[in-house]
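Accompanying notes for the structure given below.
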Amino acid sequence: KAGVTQTPRYLIKTRGQQVTLSCSPISGHRSVSWYQQTPGQGLQFLFEYFSETQRNKGNFPGRFSGRQFSNSRSEMNVSTLELGDSALYLCASSPTDRVQRSPLHFGNGTRLTVT
Amino acid sequence: GQQVMQIPQYQHVQEGEDFTTYCNSSTTLSNIQWYKQRPGGHPVFLIQLVKSGEVKKQKRLTFQFGEAKKNSSLHITATQTTDVGTYFCAGGWEYGNKLVFGAGTILRVKS
């Protein structure tokens with residue numbers, strides 16, 4: 001089975017621009033979660049989708065948004081980029097709707113640099 | 001909101017020494033998961049603990065879940081250079097389907 005695929009792997013943007021990141025979960029997995037990882041901040045939860053519905057959202061400003069498609073692929077969008085948005089964005093998929101009970105399978109992440 | 005505190009933040013050990021990282025929650029967890037992230041890599045699931053007082057072993061790694069289901073630990077016996085990376089715990093709550101990660105413990109091993 002193919003793992004979680006995130007594209008692109010690297011991205012460089014300037015302040016004020018917007019960016020869209022993509023995540024394809026493992027086949028059959030319907031839950032997709034997004035995390036932001038910065039040095040010293042661990043894994044900060046952004047949002048979680050199951051069957052195209054956002055079920056949980058972390059404490060991020062409204063500039064961060066996401067969606068999930070009927071094929072379970074997910075995208076996240078960050079508008080009006082700020083320097084502090086530079087981070088590794090990780091997507092993780094899970095086979096069940098009880099995300100807290102099943103292992104998360106992470107992708108390799110998208111490294112976003114904002115200049 | 002739910003939080004999971006993880007200590008220490010860093011641990012630098014000599015190869016062959018033991019290593020332990022601890023996670024604590026102020027509220028009762030339904031379960032706890034552990035992940036390892038190698039430098040430059042992504043988090044990889046190691047194990048899940050569900051029962052009060054549960055202890056599980058994977059070779060040199062021993063995982064424990066407290067009796068009150070509020071704390072957990074990961075202990076590595078006789079560390080090797082292949083153990084380097086960041087170890088994360090993630091606490092689960094049934095209410096709200098939440099999984100919250102600790103800040104992680106960075107392990108460095110000197111050979």
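In what follows, every chain begins at residue 1, and chains take the letters A, B, ... in the order their sequences are listed.
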Please classify the contact of [X] with chain B as side chain, backbone, both or neither, using a heavy-atom distance under 4.5 Å.
X        : result
A/Phe50  : neither
A/Leu104 : both
A/Ser33  : neither
A/Asn108 : both
A/Arg101 : both
A/Asn59  : neither

* **Interchain contact, B/Ser30 with chain A, by part (heavy-atom threshold 4.5 Å)** => both
* Hey, quick one: are B/Phe65 and B/Phe101 part of the same hydrophobic cluster, counting side-chain heavy atoms closer than 4.5 Å, chains of contacts allowed? ->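 They do not share one cluster, since no chain of ILVMFWY contacts under 4.5 Å joins B/Phe65 to B/Phe101.
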* Under a single-linkage definition using a 4.5 Å side-chain heavy-atom cutoff for Ile, Leu, Val, Met, Phe, Trp and Tyr, are A/Leu83 and A/Leu11 assigned to the same hydrophobic cluster? ->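 Cluster IDs for A/Leu83 and A/Leu11 match.
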* Asked: What's the spacing between A/Leu90 CG and B/His42 NE2 if we round to 0.5 Å?
  ->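 Here the rounded value is 8.5 Å.
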* Atom CD in B/Gln37, atom CD in A/Gln37: separation rounded to 0.5 Å? ->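 B/Gln37 CD to A/Gln37 CD: 4.0 Å, rounded to 0.5 Å.
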* Check the surroundings of atom OH in B/Tyr22: do more than 12 heavy atoms from other residues, nucleotides or ligands lie under 6.0 Å from it? =>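 No, not enclosed.
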* **B/Phe45 and A/Phe106 aromatic centres sub-6.0 Å** => no
